[in-house]
J.: 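The following block contains the structure, expressed as C-alpha cells.
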Amino acid sequence: MSARAADAGQGRAWQLLVLLAVGSGVLAVVLAHGFSGRAHWSTFLALAVALGVTMQACRRAARLRPSNPASQRFADLIVPLLFGAAILVTWEVLCVAFGVPTVLLPAPSLIAARVATSLPTLGADFVQTVIRAAIPGWIMGCLAGFAVALLCDRFDFLRRGLMPIGNFISALPIIGIAPILVMWFGFDWQSKAAVVVVMTFFPMLVNTVAGLAAAGHLERDLMRSYGASWLATLVSLRLPAAMPFIFNALKINATLAMIGAIVAEFFGTPVVGMGFRISTEVGRMALDMVWATIAVAAIAGSAFYGLLVLIERKVTFWHPSLRSR
Amino acid sequence: MSAAAPSRAVPRKAGSTVPVLVITALIMAAWYAACLPMNNDLPQLARVTGLAERYQVSWAIERPVLPAPHQIVTELYNSTVGTRLFRETADGVVLNPRNLVFHAWVTLSATLLGFAMGSLLGIVIAIGIVHSRTLSKSLMPWVIISQTIPILAVAPIVIVALGSIGLTGLVPKAIISAYLCFFPVAIGMVKGLLSPDTMQLDLMRTYNGSVAQTFWKLRWPAAVPFLFASLKVAVTISLVGAIVGELPTGAQAGLGARLLSGSYFGQTIQIWSALLFAALLAALLVVAVTLAERLTLKAMGSRP
C-alpha cells in the first residue's frame, strides 16, 4: 500500500517537473523572440532552468517503475519526447537570441513557417521522390532480392557462388552507379527507382539467405520426419523463422531507398523532387526551403520505418526481443 | 539439409571458390554480350554489318552507353599508372590532379578523418548509454530516429553552412562521414558493453571493483569483437559519405567529383573507372580493418 502511495507521489512530483520544464521552455522561446537579435540574460536564465528541469524530469522518469504497463509505455514515450523538445527549444532560443544567420542555421520556427507556406511544392516533391521513385524501387528491389534468395536456397551452387559476391557488393559505395543509371533510364523517376532497386537488392538477398538458415535443427528434423516437401518446410517453418531477418532488411532498405532516390536526383531530374529541391535551393542560398525539404524527408523516412516496425511486431510476435517487454 | 551453414562464413569456407569464379565468369560474359544491345543506337554502329564486327566495334566505342570491362580497366590503368603521379608547382611537388590517385587521396583523407571522428563519437555515446539510465532512455530513441532520416540529403547543407563560416575542403566531408558512421559503432558498442553476463558482473562486484575497473577489465575487452564488427560497416559507409559529400561542391576534386564531371560530360568510362577505384578502396579499407581486428584479437589472446 505504502509503496504504491510513494509511487503515486513520485509520479505527481514528476508530472509537476514536466509542466515546469514545458513552462520555462516556452518562456525562454518567448523571451528570445521578445529580445530578438539581442542576447539578454533573462533568456538564457529561462533556457538554463528549462534544460535543468528537463534533465531532472528525464532522470526521474527513467527511474520510474510504474506497476501497470500502460504508464510504463507512457514514461518510455515521454522521456525521448522531452529530450527532443529540449534540443528543439535550445536550437530555437540560441538561433534567435544570437541572431544566427539563416545561411548557417535557420531557427525551427522559420523552417516550420516555410513548410506551412510551401506545402504544394513540398507535396509535389514528396510524390515525385517518395511515391514514384523510392517506394516502387523499394518494392521491386526487395522482391527481387527475396526471389534470388529463394533460388539460392534451392540451388546450393548458386548460394555458394553468389553470397560472397553479394557480401562484397553490399560493402561497396553502390550510390555511385546513380549517374550511370540516370544516363540509361532518363531524368524522370524511372532512373531513381532503378537506383533504389540496385541499392536494396543486396541487403535483402544477404539477410534472407541468412534468415533461411536460421531455423533450428530440431524443427527441421521434425519437418523431415513428417515427410514435408521443400515447399512445405519453407512455408510453414523456414520463412516464419526468417521473418526477423527479412524485416531487418526491409527496415535497412527503407532508409536506403530514401537516400538512393534523393541522391540520384543530384545527378539530374525534371524540375520536381526532393533531391532537385535541395540542390537548387542550396544554390540559391534559400536554406530554409532546404531545411523544410529535409524535415519532410525526415518525417517520411521515420513514418516509413515506424510502419515497418509496427508490422514487424504483428508478424514476429513470437520473437524473444519482443516477448521480453 | 543443404542450407545448414551460416551464410556469413561462406567466403572463407572451402568449396565456394569454384562457384564464385563460375558466377563471376557468367556475369562477365553477360556484360560483354550486353554491350552490343546497350550501345546499339550509337552512330558508331550505324554502318557496321555482321555480328562479329558489330561486337568488336561495340567493345571499343569512346563514349559508350555501357563500356566493356576491359575498357574500364584500361582507363583505370591509364589514369593511375599511366599518368604522372606528381606535379611540380610553385609550392613544391604535389599530387597530379590528372591522376586518379590524387582524387582517391582527397576522398580517402576525408573518409579516414570522418571514420575516426564518427567511431569516437559512437564509442562515447555507447559508453554514456550503458552507464546512465537517463541517457539510455532519452538518447537511444533519437540515435535510432537519426538513421531514419535520409542523412545524405543533408550533405549539401553541411557543406554550405560550414562553408559560410569559412570551413571548406576536408572537414565538412569528414563531418558527413562521421554522422553516417557513428550509428553502427554506437549500436554495436552498446551491445558489446552490455555483453558481459550477470555472473561476470557479480564477480566484479564481489571483488569490490569500481565502475572504471569494471569498464576497463570486463566491459571494454568484451566489447572489442563487437567494435570491430561495427567498424567494418562504419568504414564503408564513411567512404560513401565522403563521396556524396563531394557532389554539391561541384566537380573539383575527389572520386565523387569524378563521378559528377563524368556524368556532366557523358564520359561513361571515366564514371565506371572512378566507381571501380572506389570499390577497390572500399575493399582495401575493409581488409585493413579486418587485419587490425585479427592482430588485436590475437594480442588479446583469442584463438582462431
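Within every chain, numbering begins at 1; the chains are lettered A, B, ... in the order of the sequence lines, protein sequences first and strands thereafter.
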J.: Please round to the nearest 0.5 Å and tell me the distance separating atom CH2 of B:Trp142 and atom CG of A:Leu81.
T.: 7.0 Å
J.: If we define contacts as heavy-atom pairs under 4.5 Å, which of B:Ile271, B:Leu281, B:Val65 has the most with chain A?
T.: B:Val65
J.: So which of A:Ile180, A:Ile175, A:Ile165, A:Leu287 has the biggest tally of heavy-atom pairs under 4.5 Å with chain B?
T.: A:Ile180
J.: What residue, out of A:Phe304, A:Tyr305, A:Trp184, A:Trp291, has the most heavy-atom pairs lying under 4.5 Å from chain B?
T.: A:Trp184
J.: Measure A:Leu256 against the heavy atoms of chain B and call it side chain, backbone, both or neither at under 4.5 Å.
T.: neither
J.: Heavy atoms, side chains only, cut-off 4.5 Å: are B:Val22 and A:Phe157 in contact?
T.: yes
J.: What heavy-atom pair brings B:Ala278 and A:Pro173 nearest, and what distance separates the two atoms?
T.: CB-CG, 3.9 Å
J.: Around atom CE of A:Met55, are there more than 12 heavy atoms of other residues, nucleotides or ligands at under 6.0 Å?
T.: no
J.: What residue, out of A:Ser279, A:Gly260, A:Gly84, has the most heavy-atom pairs lying under 4.5 Å from chain B?
T.: A:Gly84
J.: Can you measure from CD1 (B:Ile23) to CE (A:Met163) and round to the nearest 0.5 angstrom?
T.: 11.0 Å
J.: Do A:Arg160 and B:Val20 come within less than 4.5 Å of each other through their side chains, counting heavy atoms only?
T.: no
J.: Tell me, side chain or backbone of A:Ile177 under 4.5 Å from chain B's heavy atoms, or both, or neither?
T.: both
